[in-house]
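Order of the sequence lines fixes the chain letters, A, B, ..., with proteins taken first and strands second; residue numbering starts at 1 for each chain.
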Amino acid sequence: MLTRTRTALADTATLAPARRISGAAPPVARQQRQRRQQRGHRLAHAAAALLRRPGCTLALVFVAVCLCGAFAPGLFAGFDPNATAPADKLQPPNPVHWFGTDDLGRDLFARVVHGSTLSLRAGCLAVGIALGAGLGLGVLSGFAGGRVDALVMRGIDVLLALPGFLLALVVVTAIGFGTVPVAIAVGIGLVPGFARTTRAEVLRVKTLPYVEAARLGGARWGRIVLTHVLPNAWGPVAVLATLDFGSAVLATAGLGFLGFGAAPPAPEWGTLIATGRRFLVTAPWLSLLPGLVAMLLVFSLNHIARTLEETRR
Amino acid sequence: MTRYVGGRIAQALLVLWGAYTVTYAILYLLPGDPLALMLTASGVEIDTLSPAQVAQARAYYGLDQGALRQYFALLWNILHGDLGQSLSRNAPVRQLLEERLPQTLQLAGLAVVLSIVGGTGFAWFTATLRSPRVRNLLRRAPAIGFSIPVFWMGLLLIQLFAFDLGWLPSTGNAGWRSLVLPAVTLAIPSAAAYAQVLGRSFHDVWREPHIATAFAKGLTRGAVQRRHVLRNAALPALTLVGLQVGHTVSGAVIVETVFARVGIGRLAQEAVLRQDIPVVLAVVVISAAAFVVVNLGVDLLYPALDPRVAHAPKVT
Amino acid sequence: MSAVPVVELRELRLGYRHGHDCIDAVRGVSLQVRRGETVAIVGESGSGKSTLANAIVGLLPDSATIAGGAIVVEGEDVTRASEAHRRRLRGRVLGFVPQDPHVSLNPTMRIGRQVGEALVQAKGGRYAALDADVVELLEQVGLDQPALRAHQYPHELSGGMRQRVLIAIALAGDPALIIADEPTSALDVTVQRRILDHLAQLVAQRDIALLIITHDLGVAADRADRVLVMHAGRIVEQGRPQDILVAPRAPCTRELIAATASLTGLVRLAAAAGTNTGEAAFAANAGEAGFAAHAGERASAAAAGLDARPASRQHELPADREILRVERLGKDYALRNARGHAQSLRALDDLSFAVHAGQTLAIVGESGSGKSTALRIALGLERPTRGRVFFDGREISHLSAAAFRPLRRRIQLVQQNPFAALDPRFSVRQSVVEPLVSFGLQRGAELEASARRLVDLVHLPASCLERLPRELSGGQRQRVAIARALALGPQLLFLDEPVSALDVSVQARILALLAELQRELGVSYVLVSHDLSVVASVAHRVLVLRGGVTVEQGPIGRVFGQPASDYTRELLAAVPGARQAAVA
Amino acid sequence: MTHAPTPTATRRLLHAAACLLPALALLACSRPGQPDASTADAAGASANTLRIAFHADNTTLVSLDPFQVYWLEHRVILRNVAESLTDQDPATGRVIPWLAKRWEISPDALRYTFVLRDDVSFSNGSAFNAQAVKTAFDADKAFVAAVPATFGATYLQGYDHAEVVDDHTVRIVLARPNAGFLQATSTTNLAILAPESYALTPQQRSRGAIVGTGPFTLARYTPEVGIELERRKGYHWPSGAARNPGEAWIDKVAVSYVPEESVRNGQFVAGAVDIVWPRNPFTDLDLRQLKGAGASVHSRALPGPAANLYPNTAAGHVLADPRVRLALQKAIDRRSYATTIYNGDFPVVASIYDSTTPYFKSVGDRLAYDPEGAARLLDEAGWKPGADGLRHKDGKPLVLVQNVAAETSGDVLVQDQLRKLGIALKLNILVIGEMTAANAAGHYDLSASYMTRADPAVLQTFLDPRFTNHSALSTNAYAPDTLRKAQALFDAGLQATDAAQRARAYGELQELLIAQGVAFPVYERLWQAATAARVDGFTWTSEGFALFNDIRLKS
């Protein structure tokens, strides 16, 4: 009886016990199709959940418009953002110039739309940097634990202790003005947030039973990180990325406001608000409209992030 | 308990020293020679001076030591309270800070109080609301708070309250009336953050099983909120207080520029432009110290609020 | 029995609103509970019993609406009463004991204040003797050193003690009726028995009505004067426990009884013990009772066709080859208490046992007995402080992780909580074949075939290969976990409380599957559990563990037939339903 | 915990929220209604206090030590606290007596003997005599030795020592001739402080520890916040340029720094400020707002070079080619600049100097806007227009680099004007330290600089390599032969004894520098102040400052 169990064990992998399986193994192609169908169904369901909420769709539409404006400004703005027309300077918003004109007669709406290219690119770059560094540090300290974890965490505390904006000022003056240096400076400021969120998620997922089961199933740590830990940890990180994209746009505008933005005549949002503030009493739309657009974009991003977080929880 | 406190203090000092080193490293990397800057400050280009004159001027401003020696010299002085001489302001950094720190402390202090009161009040009001629809609507309101660019908010408030309504002065340092608008501007993003975190933790704590036990005792909704929900919900918000210190200092840089208030925020911004290393270093070290102290306070306060954390013996 | 019932439900209909559609949880329930009477409502999860309890106390969530019928408390219709009116009833007339003691107390508030709060609410205001009353109440519910306990925080008390505090809170307002929702399901069996005894005694003293909500028919039968069985929102049967047990009318009641293996298996056990025919009788009968025919699952049809008596459970136990031997195992944990000086907690002391090929050893013990620690040491997840572990003759206790890796193909684990054992983002197919992929044994079509074979081995339809864990039931998920554990064809399988998180009916089918796999594949099991009924239906040998020390060990028939130690006897006695059956 | 609340409550809340939002937005864009109540209250005790709002304090060199200060706003204050040996007639530019009644200059222009007034005293009571003057000049010389780069050094060019002839006669001896020295003695930089002030450290003097003989004493100086002056009793020795012979009519002067234009104008409209005196001229919107509040606007071009751009003609740079320089001269539309950036009646710059500089000669015809001429010159120079709207030569686009500290509307307008002709002006924003380093290393094509002094010789201090130790700006601005001709004309102007000779020399100099494209004037540096209706007697001094003791505040 003993030998029978040994052999039964050894070749179960290949033996197709006649009793249970009916017919030859179905073609792999049908399997693939079924799998895609399943995934498609699930995505559609998730998207429907998101779109059912009115606020969220409005926010999604606004962000989409801004993104289009950023990548194809020509579509929205008829005027050349840098063409000065001293004759019709400082006109209030009117049907021709939707946002009015600035002190050199340039069309403010065109400048805001072209400005969105700079702001969104800065936002993407900043979040990219923060995501890369933060994720790396988070996974390292989450998995390494012990002394490495303490060291990384103290490093993160140092970055948090430094006033983010002042740090950005110092970095920008170190590597020069313009959107890319500003994005790098802002990105550095966002790293602690990502590192801490990722570390918390890694610590949470690392102790879950299915990771222990995978470990017992012979998976090496590398494979566990890629297949189990990161896919399950991306939820809160994605929410934070959306939020931080908004704060990156604001920080870039802040630096632009203080005069560290892109080289003239680039219409960066912070610079627009800064140059407009001289005319706050006489031509308030110069400062207030670009600020309003920035706020709406960041608020929409926040709204989407919160809804994303709710549907995941 | 003392071992825990001692450990935390040691870590705090380590973080403070780290902040000092990182700032000095970045500041030292700034291209452009501070002396050239100093000479332009007094209206003459560096290239018009003979080498002897240049060396003489460099010694006058204390820039002749090597970077590393200057690092330890500055560190040694800071430990002794001497923050060095401002390169561009003809005054010891200590005196500059003593002049300006009260302004910023007033501003930051009022802003922190406003943000905590505002944030908690809003979250509390939203939590006690009965109808779920209105509650959902208001739960998103804090997000507006931190979507608004701080400088834009400042300009909007000046336009509204200083020019249109004329209730408050738009700039200046005189008296509490000039403090109101800047403090509100600085407080809005922090208040929004508190409101959001507190709102979410209220929402979570309301669904905890022990709340059902409290209701089963026959308590009113308000009593449950006060005695059970608030304390448990306050814990996540407490850690946020520590983080907000950094934001307050950063915010001060912008708010002091918009409202033309003389404070260490604006001092730091101009010092960065002037590459006035001692001043920037002093401001960063002070704000890092504030961050470290506040966080230490939060760390030590946490066990008092949450008994579970009171260094219970952990099974290794 | 007073004239007016404390609580009366008349054709009560309740529903939950999700967006537009409304799911009705209770479809027309009528019942009465009078003072001094103990009534039990039994039903599986989702039968609406908890909704009913919450409706009576008025703790329904916002999304719930009362569709029809009436709730009458002490003769007064409160269905549409104002919140203020309902609130005055809570605590004074209706006491409520919540489900899980571990999370039902405010973690940041001292015990004394939480009980005092209930007293203040009932008495209408603070009064001088408040603290004395709190201590007195804590003593009544059976807490030792009540004065000290009053100053402690919930996390400093054991589960049992916290349940007693909740009972004290319910009793504070001297209510007419106490509703206990699954009062002890989260506790160990022995603790459960002591608490229910105490509760019954208090209820009798104060002539209070008691309404117990439970999923365990045994508990209901033991404690209640009247039992109501609920299924899908309706009361399908009600009556005295003995009538229902002996002659169940409703089909789902019969299924509930059959599924409660503890009830039938141990009924025979007690009888055998009574007549002293010893282990042989037990071995013969227990196996058969465990797998009575069940409706539904394809597996059970296969099981019916099975030889009722598992081959390997013949009378004489063959002296088989030892697959696993553990010698004088010990484990100490060094920990630092509040004042900082070192202390060591002895989790395991001098544990020795052996597992024979193709057989099942069960390790039984209550929480804190060290059974999980033993399992983790045998699996190589933790190092023992003393003692050695041999697998197939080779010592494995001090192997490095890398050295242990090849052995993973021969030793595997099935975890306790099916809801967390599978990666939520992996499809069933990916989860099942992951061990094969991790060792790089198979790829492509061969891997595909293995997936289908393993899924079929655990009687799951091939169609569920593409489904995600959240789309499966608890039982199905545990089957996937078992399939994964068998992917590498292990010789030894550790089962850590394999069925404790499942419904009673589902438990039986999983145990049947495990037994069938053992017969078919000859794989040995080490089962760790606190539930004697589960052990009785699967194990060949059993080891009783208490506080890290081996109380008793031997073939199941002897240990359960003639328990050598008092502790084992106490464990056996504490199993719900055993006492009632003895009386019947 | 029970059924949902009544629908009406929710609807009422939503309605309230709905109408709040538009109200907020409306308010944000509404016209300015009531005034802005500023910190200093409008009426009451400060009726006889003159309140001035400047644009900002100097954060680079925080100082009120007359010898070091170059910041215009501070020189206005110092003019009324510390006085100089001589003064300058604002109309003619002639040097007139002040603390020195009369003076003789030796034929070799090396010895200047001043006869001092004997009725003057410092505000701390100590006597004003020859010894005090010698102490002042020697202290200034010592400071230049310590800090060679200080601003006052240019005025003290050539000073050797001073001799006390008698109690009220002092002789100043120069080591080498300096035609501008007499005019220098009229500036605030060579003002005479009490000996006690020179006993203090330069840092203390910078913080405001200065005692002068002026009509006001410095009561308090809080950097970046404000300055307060108080009337000095018994003052009766003003210069010839002043109208009020005796004590000032106003009690106090309160200066505040308000960087925000909109806020500063708002404070003026609210009556919280008497004089709004920004560094940049008013735009027509500002003028409309201020005049609407009853302001009278005073403007005066600041003597010295106009707001010019100086080229880098070194080899390898685009502007080495004279044709490109001339094309650039024609490509800038100075009239559009004046009317767009500032206001309708803003003067158009007509030479390298501002119109108020002594010996100014208009060369406006060479500065006329002539885009076609510029295009023709560029074509001749080989810069052909390319597809991207820019001109190219041997594959390289025509790019001019200008390092700037911050973006200004004026720079951007010029940038766009040049873009219309295919020239790309790259405005490179740099930190000031970096900008100085970049300019010193010659990494620029155009560089802006200016200085204020009511003497044409001021141009030498940054355009004549001999005076500027070969600073990059001075050497790069000239083609070799133009440099020789210019230096000859500079020397002629410096050593000429009579006015006609100086006028001819500086006239030719201006023609040469504009014709050769050594400087590209952009706009006349006008300094404008708006005074409230109650302010009477505001007049400009030669250097563009104001005498506070001539001002009277109507009640």
Side-chain angles (χ1 to χ4, degrees), chain A residues 53 55 150 153-155 157-176 189 192-193 243 246-247 249-251 253-254 257-260 269-270 273-274 276-277 280-281 284 287-288 290-292 294-303 305-307 309 313, chain B residues 11-12 14-19 21-23 26-27 29-32 136-137 139-140 142-144 146-153 155-156 158-159 163 189 196 200 242-243 245-254 257-258 265 268-269 272-273 275 280 283-284 287-292 295:
Chain A
R53 302 156 183 267
M153 275 304 111
R154 289 296 77 69
D157 286 350
V158 166
L159 264 185
L160 275 174
L162 295 175
F165 199 74
L166 210 49
L167 188 70
L169 283 181
V170 171
V171 166
V172 160
T173 43
I175 50 179
L243 290 177
S247 50
V249 167
L250 288 186
F257 181 78
L258 291 180
F260 295 87
W269 282 350
I273 298 175
R277 78 185 217 232
L280 194 59
V281 176
S287 279
L288 298 187
L292 202 61
M295 188 202 85
L296 286 178
L297 173 69
V298 174
F299 176 65
S300 311
L301 286 169
N302 270 319
H303 190 68
R306 286 291 160 236
T307 323
E309 191 180 22
R313 207 201 296 246
Chain B
Q11 270 176 9
L14 191 66
V15 168
L16 200 53
W17 175 71
T21 314
V22 167
T23 318
I26 297 180
L27 279 177
L29 294 179
L30 293 189
N136 274 336
L137 190 72
R139 218 143 46 89
R140 281 290 182 278
I144 295 180
F146 36 77
S147 314
I148 296 176
V150 176
F151 45 91
W152 185 74
M153 193 65 206
L155 296 180
L156 189 65
I158 289 180
Q159 162 81 356
F163 298 154
Q196 188 146 42
R200 194 162 345 114
L243 297 179
V245 170
H247 297 302
T248 313
V249 172
S250 302
V253 172
I254 293 188
T257 310
V258 170
Q269 184 222 332
V272 165
L273 271 178
Q275 291 169 316
V280 177
V283 170
V284 168
S287 47
F291 173 86
V292 158
N295 272 296

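- Within the 4.5 Å cutoff, side-chain heavy atoms of B:Val253 are placed close to those of A:Leu258.
- In this structure, CG on A:Asn302 lies 5.0 Å from CZ on B:Phe146, to the nearest 0.5 angstrom.
- Residue contact with chain A, scored on non-hydrogen atoms closer than 4.5 Å, involves the backbone and the side chain of B:Gln269 alike.
- Side-chain contact between A:Arg306 and B:Arg139: absent, with no pair of heavy atoms (C-beta onward) separated by less than 4.5 Å.
- The two residues B:Leu14 and A:Arg154 come nearest to each other via the heavy atoms CD2-CG, 4.2 Å.
- Note on B:Ser287, B:Gly265, B:Ser250, B:Ala268: by heavy-atom pairs under 4.5 Å with chain A, the leading option is B:Ser250.
- For A:Phe260, the ring pair (Phe, Tyr, Trp, His ring centres under 6.0 Å) partners at least two apart in sequence or on another chain are A:Phe177.
- Residues forming a side chain to side chain donor-acceptor pair (under 3.5 Å) with A:Ser287 (at least two apart in sequence, or on another chain): none.
- Side-chain contact check for A:Leu292 versus B:Trp152: some heavy-atom pair is nearer than 4.5 Å.
- B:Leu16 does not touch chain A: none of its heavy atoms, backbone or side chain, sits under 4.5 Å away.
- Of the two parts of B:Val150, neither the backbone nor the side chain holds a non-hydrogen atom closer than 4.5 Å to a non-hydrogen atom of chain A.
- Across A:Val158 and B:Ala19, no two heavy atoms sit closer than the pair CG1-N, 3.6 Å.
- Using a 4.5 Å heavy-atom cutoff, the side chains of B:Val258 and A:Phe257 are in contact.
- A pairwise comparison of heavy atoms in B:Ile148 and A:Leu250 identifies O-CD1, 4.2 Å as the closest pair.
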